[in-house]
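Residue indices begin at 1 and follow the sequence shown. Atoms within each ligand, like the ligands themselves, are counted from 1 in listed order. Small disclaimer: the values here were computed from a predicted structure and weren't measured.
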Amino acid sequence: MEATQLMSHYITLTQHLIEEQRKHNSITADLCLLIEAISHACKLIGYHVSRGALGEAYGSTDRENIHGEIQKKLDILSNNIFLTANEWGGNLAAMASEEMEGIYLIPDSFPRGNYLLLFDPLDGSSNIDVNVSIGTIFSVLRCSDSRTPTEQSFLQQGSHQVVAGYAVYGPQTSLVLTTGYGVNCFTLDRELGSWILTHRDLRIPLETREYAINSSNQRHWYTPVQRYVSEMIDGADGTRKADFNMRWIASMVSDVHRILHRGGIFMYPADKRMPRRPGKLRLMYEANPIAFIIEQAGGAATNGKNRILDIYPQSLHERVAVFLGSKNEVDRVTRYHLKG
Ligand code: AHG
Ligand code: MN
Ligand code: MN
């Protein structure tokens, strides 16, 4: 979109959703309302994030979440904002989140619908207090037993997602969305309070010379990751015969947002410290929605061996190793895992 484009030609999120429905028949009225409610929740979270030390929700609590991580006040506030904004619409049967051990049933005071919502209310919470970009990740699944949903109802492969998206709260507030027909990015016009379509059909370049990994864990990595990263560090002098650049924001949403715009590979591998733990990131509300977006933009996402979207989840909070981004690089590191 040209910077000089008249506001009257802005395409809002609402207009975009209606047009998608006409084109692909992919967004029911229920789903449309749900996406609107989610996008509203993201605006609210973005507002509280932007208040920083001026806001009431600043700093840490003394509580831990199910993963043993200390919850920030904003983690809890963002979780509550998502629950409150999405429970009334009549389109959801239940919700689940990084910050809640069990599932959240839609209260009896509201009708129950045919969808399930999973979310990471605030991704990158170690960056909250230092004014570095953070975000919210969400995933929508169908619910076959909408009257009596259980944790089991959520345990579907990522390929069954009907909507996935994330918001980034940074210098700009962005909303990235897929309903299975490509990936579009909306920018929050803070004066209007509206999400405006600014990047249509984002495509990730197949090739990249940029990678993201927390290399302080290097001594714990398994051989395929050691090999893959050291070949990039060797640069033009090594087998890759090209120099690579490294970027690590420590908010997956922000690293992924960069990759969607200019390519790259993001990795959070399993390592030798906890052989039974398959990586740090969570499958259902971090890896799955991001993998859906990445694939819809022409990229790839694996756990080192298999496509993330094909994994059958065993539990709500299970973890998974993640390699995602530019297809040729994800294919390469996956090959290294498969061939040893
Ligand atoms: P969360 O804040 O939701 O717990 O997720 C943080 C995740 C992810 O966003 C990021 O890429 C990664 O943790 C950062 O890990 P390191 O602390 O190892 O850098
Ligand atoms: Mn997260
Ligand atoms: Mn989080």
Side-chain angles (χ1 to χ4, degrees), residues 41-42 45-46 48-49 57 59-61 63-83 95-101 117-139 164-170 176 210-221 225 229 246-260 264-274 277-294 301 303 308 316-325:
C42 293
I45 296 173
H48 286 286
V49 167
S60 290
T61 68
R63 287 157 56 182
E64 282 185 359
N65 66 13
I66 165 91
H67 308 283
E69 301 155 347
I70 292 284
Q71 291 175 305
K72 298 278 173 69
K73 287 184 189 165
L74 264 174
D75 285 321
I76 295 173
L77 178 67
S78 305
N79 192 65
N80 291 340
I81 287 174
F82 240 66
L83 295 178
M95 294 184 250
S97 131
E98 178 183 292
E99 304 302 338
M100 302 184 297
E101 184 165 1
L117 175 62
L118 288 129
F119 55 94
D120 175 356
L122 218 45
D123 177 66
S125 30
S126 71
N127 283 325
I128 292 176
D129 299 336
V130 291
N131 196 11
V132 171
S133 297
I134 52 182
T136 298
I137 309 173
F138 55 89
S139 160
Y166 66 79
V168 189
Y169 315 115
V176 169
E210 203 160 63
Y211 68 98
I213 192 164
N214 182 345
S215 53
S216 67
N217 298 326
Q218 193 237 327
R219 70 188 187 284
H220 307 295
W221 295 338
V225 180
V229 175
M246 205 286 281
R247 286 287 180 270
W248 183 251
I249 301 174
S251 306
M252 180 172 60
V253 275
S254 311
D255 282 308
V256 164
H257 200 59
R258 182 188 63 249
I259 289 169
L260 266 182
I265 178 169
F266 172 94
M267 293 168 276
Y268 216 116
D271 66 41
K272 292 176 193 157
R273 278 172 298 183
M274 283 190 241
R277 196 179 100 162
K280 174 182 181 184
L281 298 175
R282 280 61 51 126
L283 175 63
M284 301 291 297
Y285 39 79
E286 291 181 317
N288 268 344
I290 297 295
F292 188 21
I293 291 166
I294 292 283
N303 65 357
I308 285 177
L316 203 53
H317 297 287
E318 82 181 57
R319 298 177 192 255
V320 66
V322 166
F323 300 83
L324 54 80

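Interatomic distance, CE of Met284 versus CD of Glu318, reported as 8.0 Å (0.5 Å rounding).
The atom name of the N/O/S atom in Glu98 closest to the Mn ion (ligand 3) is OE2. In Glu286, the N, O or S atom that comes nearest to the Mn ion (ligand 2) is OE2.
With a 4.5 Å cut-off on side-chain heavy atoms, Pro269 and Trp221 count as touching.
Looking from atom 7 (C) of ligand 1 to the surrounding protein, the closest heavy atom is Leu281 CD2, 3.7 Å. The single protein non-hydrogen atom nearest to atom 19 (O) of ligand 1 is Trp248 NE1, 3.0 Å, given as residue, atom name and distance. Of all protein heavy atoms, the one lying nearest to atom 4 (O) of ligand 1 is Arg282 NH2, 3.1 Å. Closest to atom 11 (O) of ligand 1 among all protein heavy atoms lies Met252 N, 3.3 Å. Here the protein heavy atom with the shortest distance to atom 17 (O) of ligand 1 is Lys280 NZ, 3.3 Å.
Defined by atom type and a distance below 3.5 Å, a donor-acceptor pair is missing between the side-chain atoms of Ser139 and Asn288.
If you number the atoms of ligand 1 from 1 as listed, the ones under 4.0 Å from a heavy atom of Glu286 come out as 3 (O), 5 (O).
Checked by distance only, ligand 1 and Gly124 come closer than 3.5 Å through their nitrogen or oxygen atoms. For a threshold of 3.5 Å applied to N or O pairs, the pair formed by Ser251 and ligand 1 contains no separation below that value. For ligand 1, the polar-atom distance check against Tyr268 finds a nitrogen or oxygen pair separated by under 3.5 Å.
For atom 5 (O) of ligand 1, the nearest non-hydrogen atom from the set Asn217, Leu122, Asp123 belongs to Asp123. Checking Gly135, Ala250, Ser215, Ser126 against atom 10 (C) of ligand 1, the nearest heavy atom belongs to Ala250.
Proximity of Tyr285 to ligand 1, defined as any heavy-atom pair under 4.0 Å, is not found for any part of the residue. Contact annotation for His67 and ligand 1: no heavy atom of the residue comes within less than 4.0 Å of the ligand. Contacts of Met267 with ligand 1, taken as heavy-atom pairs under 4.0 Å, are absent altogether.
Under 2.8 Å from the Mn ion (ligand 3) lies no N/O/S atom of Gly124, from backbone or side chain alike.
Seen from the Mn ion (ligand 2), atom OD2 on Asp120 and atom OD1 on Asp123 lie at an angle near 100° (rounded to 10 degrees).
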